[in-house]
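A short write-up of the structure that comes next.
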Amino acid sequence: GAVVSQHPSWVICKSGTSVKIECRSLDFQATTMFWYRQFPKQSLMLMATSNEGSKATYEQGVEKDKFLINHASLTLSTLTVTSAHPEDSSFYICSAQVGVANQPQHFGDGTRLSIL
Amino acid sequence: GQQLNQSPQSMFIQEGEDVSMNCTSSSIFNTWLWYKQDPGEGPVLLIALYKAGELTSNGRLTAQFGITRKDSFLNISASIPSDVGIYFCAGLSSNDYKLSFGAGTTVTVRA
């Protein structure tokens, strides 16, 4: 149980393109999902908390107009990197929380984004 | 969230050896979690701890939630090649339910 699916697993695109990444909870409903960014050999950095039916909460320093988050249903959150540039290249990972708030987050397999 | 102090940063071990790593924090957590991440993949939950003093096992893995609620350790017994990867500790805050991660421990097993 507690499977989180992330798609696509990797993307290569030209600078200026907008890229959408999907995060789905396959066998449970998730009112809260989280989006992280991870640079090579580093830990996960929380970008934003995605709440079903309401606006996402962004961490300090994360541009909300750059990283658009939509959580339209209890099983799907999307992250759109708008007008992506090479410095946006990174490993993006989503997670979803099962049940009540003190339960573990379960992670997707990540999306490798490379902007040329 | 804050970054937790996780050590060691990396370790090279012989197959069959036991592995131990720990995490400390300046803040109290209500839940401690241990994840393993393989290259190019997302972290996979290994063990979740919910009570101070709790000792939990998952196969060859054992983890404990420190009494002070500010630390946790993970032990791997009789390591095998597939134990290679990066292990992250994470604390869950009851204030905002966000995860704070350690910097990770990279484990390399020599056959």
Side-chain angles (χ1 to χ4, degrees), chain A residues 1-11 21 23-25 28 30-51 56-62 90-114, chain B residues 1-10 21 23 25 28-52 54 56 58 63 65 69 72 74 85-108:
Chain A
V3 178
V4 177
S5 172
Q6 195 171 333
H7 179 81
S9 54
W10 57 271
V11 181
I21 303 170
C23 181
R24 293 181 186 272
S25 55
F28 65 100
T31 53
T32 305
M33 291 184 174
F34 301 86
W35 287 96
Y36 295 84
R37 187 172 179 176
Q38 186 178 32
F39 292 105
K41 299 189 186 301
Q42 293 190 21
S43 190
L44 284 76
M45 247 178 26
L46 180 65
M47 298 175 65
T49 303
S50 171
N51 302 297
T57 306
Y58 290 81
E59 295 300 297
Q60 193 172 7
V62 178
S90 190
F91 193 53
Y92 292 87
I93 313 174
C94 71
S95 72
Q97 195 153 14
V98 180
V100 297
N102 68 338
Q103 292 298 304
Q105 294 175 23
H106 294 267
F107 288 84
D109 274 341
T111 297
R112 173 73 58 196
L113 177 61
S114 296
Chain B
Q2 61 174 298
Q3 180 152 59
L4 308 181
N5 298 311
Q6 184 172 350
S7 64
Q9 185 177 5
S10 62
M21 60 193 80
C23 232
S25 166
I28 288 172
F29 290 111
N30 289 331
T31 302
W32 278 92
L33 306 166
W34 285 93
Y35 291 90
K36 178 175 183 264
Q37 186 178 27
D38 291 327
E41 298 183 11
V44 173
L45 180 67
L46 298 175
I47 291 181
L49 303 156
Y50 301 101
K51 289 184 190 176
E54 179 181 354
T56 297
N58 178 8
F65 191 147
R69 294 163 64 194
S72 177
L74 174 71
I86 305 176
Y87 293 79
F88 289 102
C89 63
L92 186 62
S93 167
S94 61
N95 294 330
D96 55 18
Y97 301 111
K98 294 177 184 175
L99 283 180
S100 295
F101 282 91
T105 297
T106 301
V107 173
T108 304

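Since we're looking at a predicted model, the values are computed, not measured.
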Kindly list each side-chain donor-acceptor pair under 3.5 angstrom involving residues 43-51 of chain A, sequence neighbours excluded, with atom names and distances?
unit_1	atom_1	unit_2	atom_2	d
Ser43(A)	OG	Gly102(B)	O	2.8
Ser50(A)	OG	His71(A)	ND1	2.8
Ser50(A)	OG	Ser77(A)	OG	3.0

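The structure places CD of Gln105(A) at 11.0 Å from NZ of Lys98(B), a figure rounded to the nearest 0.5 Å. Rounding to the nearest 0.5 angstrom, the gap separating the CZ atom in Phe101(B) from the CD atom in Gln38(A) is 9.0 Å.
Taking each heavy atom of Pro104(A) and Tyr50(B) in turn, the nearest pair found is CD-OH, 3.2 Å. The two atoms that bring Gln103(A) and Leu92(B) nearest to each other are O-CD2, 3.8 Å, heavy atoms only. Closest approach of Gln37(B) to Phe91(A), counting heavy atoms only: NE2-CE2, 3.9 Å.
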Next on the checklist: Checking Tyr36(A) against Leu99(B) for the side chain to side chain contact (heavy atoms under 4.5 Å, CB included) test, could you report, in this order, the C-alpha distance in whole Å, the side-chain angles of both residues, the deciding distance, and whether it holds?
Outcome noted: CA-CA 11 Å; Tyr36(A) 295 84; Leu99(B) 283 180; 3.8 Å; yes
Next on the checklist: Show, in sequence, the C-alpha distance, side-chain angles and deciding distance for Tyr35(B) and His106(A), and conclude whether the side chain to side chain contact (heavy atoms under 4.5 Å, CB included) test is met.
Outcome noted: CA-CA 10 Å; Tyr35(B) 291 90; His106(A) 294 267; over 6 Å; no
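The ring pair (Phe, Tyr, Trp, His ring centres under 6.0 Å) search around Phe29(B) returns Trp32(B), not counting sequence neighbours.
Residue Ala103(B) touches chain A through its backbone alone, counting heavy-atom pairs closer than 4.5 Å.
Highest contact tally toward chain A, considering only Ala48(B), Pro43(B), Gly40(B), Gly42(B), is held by Pro43(B) [criterion: heavy-atom pairs under 4.5 Å].
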